[in-house]
Each structure stands twice: as C-alpha cells, then as structure tokens.
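Encoded as structure tokens, the structure appears first; notes follow it.
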Amino acid sequence: MNDPRFPQLPQSHVNILKGYGNIERCNEETVVFDLGQLRYDFFVVLEGEIAILNPNNEQKVIVVHGKNEFSGDSGMLSDRGAQFRAVAKAGSELLRVSPYKLKEAIAKHSNLSDLLLNAFLQRQDTILNEYIGGIKLVGSGNSKEAYAIRDFMDKNYIWYNFLDVDQTSEANDLLKNFDLSEKDLPLMICNGGQLHMKPSLDEVARFSGVLMDFEDKIFDLLVIGAGPSGLAASVYAASEGLSVVTIDSNAPGGQAGKSSKIENYLGFPTGISGRDLANRAYVQAQKFGCNISIPHRAEKIEHTGNHFVLSATNGKVIKAKSLMAATGANYRQLPIDTIQKYEGSGVYYSATGMNASACKSELVGVVGGGNSAGQAALFLTDYAKEVHVVLRGGDLGAKMSDYLVQRIEAAPNIYVQLNAQVTELKGDHHLESLVLRKKDGQETEMNITNLFTFIGAKPCTEWLEGIVATDEKGFVCTGPGINEEDLYMCDIYSQRKPQSLETSIPGFFAVGDVRKGSVKRVASAVGEGSMAVSQVHRFLADLRARESAGVKA
C-alpha cells in the first residue's frame, strides 16, 4: 500500500511542474537544501534519489524519495526554514521549482494541489508527533517566559524540543557546555547551532520563517487577525484574485484555536481541534497566494483617504486599499492581585496538549461557563484526577451548548462548582492551591495545581485609538449600528450607507468577535469573514469609480 505522505506524482503532474521549474543534473552527491535554510526549493526526482537525513543523526535516513517523488512540506508555502538536510545521489536528475513558482502551480492546478497539500500536511503531522528535533529550547517548566515561547511555537506548528532544566540532565549539560547559567534562560539553540539567550517572540518567528517581509506596494486588503473570521476572509479574498496580507499578533486560530475539540462545526461530525482547524485554514489561504505573517501586532492605523497605512509594533508598515479588523476578543484575567505571577506557571488561557502532561493525576480547575470552558474540561478529564468547573452562576447550561452539558454531567471525574468564584491563588513558583468562595460566603482551599480560565471577552481594539466608532465596551460598530454623527463623511457615504460589516470609515470592515453584535461561534465568524469579502469588492469598485472620476481624498 502506498504511503500517502510519499506519493508518486503521475506523469501528467510532472509535466505541469516542468512548466514552473528547471531540470538539473547532479554529477556528484549534492546537498539540495540544508537544515534551517530559508526559502528552500521544491524538488521532483526524475532519475536517481534524494535522501532526507535525520537531524539528530545524519547517518540515519528518514526517507528516500525515488523517481517521480518529491521533497518538501507545508512550511514551503511560507518562509519557514528547512527542517532537514536533503542529499541527492550522484547522477540524479531533478526538477527544481522555487517556492514562489510552486505556490503559483498549486493555485492554478487543483488535482496537483490536492495531492501535494495532502502529503505536505501529513508530513508536518509526522514531524511534529513522531520525531524529536527542530529548535532546541532550554528553560524551566515553571518559567513564564519559557511558557510563552513554547505556546507560540506550539500554536504555530514550529518543530521544537523543550529541555527542562528542572527535569533533565541534558538541559543542564548544555548550559555547562556553553558556559551559561540559569539567569541566561530561556535559551534557544537554532538549527546550525546559533544561540539566542532570552529570545523575543519576534526572534523566534524570524528564525523559523513565520514572520514574513512584504513588497512595498498597496495591497487590496489587509486582514488584521488570523482567527476563524480573518482566515475565512483571507481564503475567499485571495481565491478571488485580491492581493491580501494577513497578520496576527500571536498565532492562527484566535479564541477558536484555544478549543481542544469543536464538535458542532458543520462538516466535522467527529470534531476537530481549534488548532488543527486554524492550521488547515492557514495553509489554505497561502495556497491561494495570501501573505500571512506572525507576529505582527497592530500599533497604529492612518487613513489617507485612498488607502490605509498600518504601523506594527515590530517596525513594519503595510499599505492597503481596504482593511478588515478581525482581532477578536481576549479572555479577561481573574480579579486577583497575584494573577500575573502564576500566568504560564499554573494559570492558563487555553487547554492544549502542551498543558495536558502537567495535569496528569492532578486536580485542575476550569473557570467559565461557555463552550470553550466546557471543551477544555472534557479534554482534561483524560489526564487529570479531578476537573472542577467553576461558575459564578447557578446554571451550567445558561451559556454552554447542551451536548457539552450532558457530557460534563456524565463524566465521573468532573465536578461542577456552582455559585462560586476563585478568590486567592497560592504557591511559591507554581500554583499549588486556590481558595474557592461560594455565594453564601463559605471558603474552601483546594489543591488545584493548574487553572484554566475562560471568562468574559474584552475586545482587542486598543490599536484603533478611536479611528472608528465603537460601543461603550470597545466592540466595533458596523452597518446600521453606527450612529449618523459617527460616520466619516466622504463622497462614498454621501452616496450610500455603510454595508452591514463596514465601519464608520468606508473600506474599513470588522468581523468576528471584535464586532458589536456578533454571535460568538466559530461558524458565524467564518460566515462573517467570507461574507465581508463581497462587501470589500463593492468598496473597491467604488474606489475605482472615484479614481476614474478624478475624485481625490
């Protein structure tokens, strides 16, 4: 049976790819791409073979690509670095295709696209789940800084190996070898041996290729936020021929990316994790030519009249004719003075596989009554001894879907604490216990060592600085929800009203959780993101009409 990760290309597909690349002959054994190399090329073996070497022991070969087989994985669709060394046998004849040309071929030929992307995604899963390697990160499992880097790499599908100085002698041996101490942690050791002490997320992203550079041009659409609504807009806009840039301050997925399992999303009867859904959408948007870069945090927006200019916190400037705010909302912190001390060291805002191992046989808490809290509680039951769901109200089903309520009530190790709230956290370096106060004033200290909180929703709109109309809570007003006096008066709005997802400035759209009146569900966010693209087309048509008529800002 053929391995779907390493399929042979039909000759018709090889012939298509020949139109996008060049044929080369290797007269001697040749390294065709190397570990950590950015923007490395795609190869099809016409004669001979390419060996993919194990980065931990290059005497071991992971796989050999033979005739009509190909190298690469989904990282080629962005600027991510090569994760292996690839060596072509002497006498091999190869078809070399640049990443740019490969994306062009994928966008134009659906059968070829299906075969390549299916193999790419499966290869990525194999790398992440079956092999130890990639970037080495040395740090403490109780370190907030190390947790932030691990969380970033985990959510962005960056292959890495975490070495905990509190758990492994290898981590401490590395520090001694480099004449470093724990004050230099976290330490990132990149492919090739470069050391980065206390790296920023920008440094992690830059090395791995997640952070991209853009052409100096005015794009048709800039999407700020890569949650479900932003990714949906990216896919539809790019597939319809618009030039699109999408940025996010942390990782694809937004709030949905923090969901361990989404079971009520159409088309996935057995469910899908928010992380996997986001990664598939991320790859899909790139397939159609969307430029996605992380982490870009929006800092300032200027409206020139004919286009928008975004300044990001990493010094990047992006220009676009239209703009879409899809920055979502963040879960609020618990109102406890010491909360920041424990964030990343016992207090978390998502429940993922990275957190689960620390919960094994422990007592854990989940604060919140929405679907994300319910999904997290059920996910953690497979690891924790007990899961305590804490609600301020008295009805588990008030905001949670019924299927989740039924499963929580049926789970033998989930305990629902109604009319309760967490009032105090305790522990020296990591959360060791917490105090739970009931509505009647009764207080109980519980030995909960990991607390997952999913409460409230604060819109991520600080970067807007009042440029568009918002409500009193900061959610962006759109369409009929905008007061007449808040409209940006220009010739477009003198001729028509704002479209349903358009803000008080023409060409500036808001979708998903950041928008006032949105339904906080993945399906509705995807719907808004895709629907907004048709409204972007209408605005761009208005803009072209203005320019043709010689109307200036």
Side-chain angles (χ1 to χ4, degrees), residues 78-79 156 200-202 205-206 210-227 229-238 242-252 254 282 285-286 289-330 459-470 474-478 488 490 492 498 501-515 528-529 532-533 535-537 539-540 543 553:
S78 56
D79 288 343
N156 283 285
S200 66
L201 293 186
D202 274 13
R206 175 65 67 187
V210 179
L211 184 66
M212 295 179 64
D213 291 316
F214 305 117
E215 302 171 69
D216 184 17
K217 70 173 190 178
I218 300 176
F219 292 87
D220 291 322
L221 174 64
L222 166 61
V223 180
I224 304 175
S229 57
L231 288 171
S234 304
V235 168
Y236 279 86
L242 298 182
S243 57
V244 188
V245 170
T246 299
I247 64 173
D248 195 277
S249 62
N250 186 262
Y282 172 74
Q286 291 177 318
C290 177
N291 303 277
I292 303 181
S293 186
I294 300 168
H296 276 279
R297 185 182 296 277
E299 187 173 52
K300 183 181 179 183
I301 289 285
E302 295 178 57
H303 181 231
T304 68
N306 287 330
H307 66 270
F308 298 90
V309 180
L310 176 133
S311 299
T313 49
N314 53 13
K316 299 295 180 182
V317 174
I318 307 171
K319 302 171 186 175
K321 297 174 185 175
S322 61
L323 186 147
M324 193 174 298
T327 45
N330 282 334
C460 303
T461 51
E462 301 86 356
W463 57 279
L464 289 173
E465 296 183 336
I467 193 172
V468 295
T470 60
F475 291 94
V476 180
C477 300
T478 57
Y488 178 87
C490 66
I492 290 181
L501 298 172
E502 204 166 16
T503 70
S504 53
I505 296 179
F508 193 137
F509 301 84
V511 292
D513 288 0
V514 77
R515 190 180 70 82
E528 285 190 11
V533 174
Q535 299 186 13
V536 170
H537 280 296
F539 165 75
L540 293 176
L543 199 61

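Here, residue 1 is the first one in the sequence, and each next residue gets the next number.
Scanning both residues, V223 and A233, for their nearest heavy atoms gives CG2-CB, 4.4 Å. The heavy-atom pair separating L211 from H296 by the smallest distance is CD1-NE2, 3.6 Å. What you find for A510 and R515 is that their closest heavy atoms are O-CD, 3.1 Å. Across all non-hydrogen atoms, the minimal contact from E502 to Q535 is N-OE1, 3.9 Å. Minimum interatomic distance between V514 and C460 (heavy atoms only, all atoms of both residues): CG2-O, 4.2 Å. Annotation for A298 and L310: closest pair CB-CD1, 3.6 Å, computed over non-hydrogen atoms.
The CG atom of N291 lies 10.0 Å from the OG atom of S234; values are rounded to the nearest 0.5 Å. Rounding to the nearest 0.5 Å places CG of N330 at 9.0 Å from OG1 of T327. How far CE of M212 is from OG of S78: 6.5 Å, rounded to the nearest 0.5 Å. Interatomic distance, I292 CD1 to Q286 CD, rounded to the nearest 0.5 Å: 5.0 Å. Here the straight-line distance linking atom CD1 of I318 with atom CD1 of I247 works out to 4.5 Å at 0.5 Å rounding. Remark: H307 NE2 to L543 CG distance equals 10.5 Å, nearest 0.5 Å.
Aromatic ring centres of Y488 and H303 lie closer together than 6.0 Å.
At least one donor-acceptor pair closer than 3.5 Å links the side chain of N156 to the backbone N or O of N250. Formation of a donor-acceptor pair under 3.5 Å by the S249 side chain with backbone atoms of R297 is not found in this model. Formation of a donor-acceptor pair under 3.5 Å by the S229 side chain with backbone atoms of E528 is not found in this model. Not a single donor-acceptor pair under 3.5 Å links the side chain of D220 to the backbone N or O of L242. Looking only at distances, no side-chain donor or acceptor of T246 sits under 3.5 Å from a matching main-chain atom of A226.
Proximity of P498 to T503: side-chain heavy atoms (C-beta onward) are nowhere separated by under 4.5 Å. Within the 4.5 Å cutoff, the side chain of K316 has no heavy atoms near those of the S293 side chain. The shortest side-chain heavy-atom distance between P252 and I294 falls under the 4.5 Å cut-off. Looking only at side-chain heavy atoms (C-beta outward), F509 and L221 stay at 4.5 Å or farther from each other. Looking at D513 and P459, their side chains never come closer than 4.5 Å, going by heavy atoms from C-beta outward.
Of the candidates V536, L222, I224, V536 is the only one forming a side-chain contact (heavy atoms from CB on, under 4.5 Å) with M324.
Summarising the local packing, OH of Y236 is surrounded by 12 or fewer heavy atoms from other residues, nucleotides or ligands at distances under 6.0 Å.
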**From CA spacing to verdict: side chain to side chain contact (heavy atoms under 4.5 Å, CB included), D216, K319** = CA-CA 8 Å; D216 184 17; K319 302 171 186 175; 4.0 Å; yes
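The aromatic rings of F508 and W463 lie parallel to each other, with less than 30° between the two planes, well short of the 60° mark.
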